[in-house]
Participant: 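Quick one: the structure is below, questions incoming.
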Amino acid sequence: MELNIFHLYPDVLNLYGDGGNIITWTRRLRWRGIEAKVHRAPIGASASLAGADLVFIGGGQDFEQQVLLEDLHRGRDREIRAAIEDGVPFLTICGGYQMLGAYYETFDGQRCDFIGALDFYTVGSQTRMIGNYKFRCTEAAGGSEIVGFENHSGKTRLGSGVQPLGRVLAGFGNNGEDGSEGVHYKNVFGSYSHGPLLPKNPAFADHLLSLALARKYGDGTLAPLDDREELAAHDEMFRKI
Ligand code: GLN
């Protein structure tokens, strides 16, 4: 068995060690005897998303989000939309999460028209939402409790065509107002959690691996791993936040 993991825009969207999420996935697969191939697709890459079993897009600042717009609208947008509708699991963080919505308008009125693959939009606010935070995923998103770190000025508002990834237990999440965090649509999960997210949230890491394996091989069963160290890190942060 083998999963093809695509890392989209690693050259511009990779804040706070977001790429560590890919390392977590590949290790957790190999520990179970499953091969993982990582395909990096920076700006200008011709690599097609067609063979992707799992896609990761990290976070970036307003500047980087503007830099990639031209490349995005040269065909990546259509590919991403097609992969999403085809049930490919995606994990997208902060700026990469915002990119799947309709648009991001900065606090000073600069607008990035994104790809509208998911029903939401983001508008910048004057104060940044920064700090460690925690949330509980919905049952449909695996139900695990996540510890993370957020740093964004964008306030995301979800439309009726998508579900939140979870409910905020402490911190801001999508907008600091409605208690929602992230987005969930088909097998796509967007979150504001940098850090990286997956090493200290192994249940959520496995949730996406399981979806990818089920989609490719018809069986998403994963052998259990010894997660004592990961869970100790998770539980310690959960208590602190
Ligand atoms: N520029 C976006 C915001 O501040 C995304 C930031 C990020 O990815 N950390 O809302």
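Atoms within a ligand are numbered from 1 in the order they appear, just like the ligands themselves. What you are looking at is a predicted structure, and each value in this text was computed from that prediction instead of being measured.
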Participant: Nearest 0.5 Å, what's the CG-CD1 distance between Leu13 and Ile93?
Facilitator: 11.0 Å
Participant: Considering only heavy atoms, which protein residues lie less than 4.0 Å from any atom of ligand 1?
Facilitator: Leu15, Gly59, Gly60, Gln61, Asp62, Gln65, Cys94, Gly95, Gln98, Tyr104, Arg128, Asn151, His152, Ser153, Gly154, His194
Participant: Can you tell me how far apart CZ (Arg40) and CZ (Phe6) are? Round to the nearest 0.5 Å.
Facilitator: 13.0 Å
Participant: If you measure from CG on Leu72 to CE on Met99, what distance do you get to the nearest 0.5 Å?
Facilitator: 5.0 Å
Participant: Relative to each other, are the rings of Trp25 and Phe56 parallel, tilted or perpendicular (30° and 60° limits)?
Facilitator: perpendicular
Participant: Between Asn21 and Asp18, is any side-chain donor less than 3.5 angstrom from a side-chain acceptor?
Facilitator: no
Participant: Suppose the criterion is ring-ring contact (aromatic ring centres under 6.0 Å, His included): which pairs have a residue in residues 122-162, not counting sequence neighbours?
Facilitator: Tyr16-Phe149, Tyr133-Phe135, His152-Tyr192
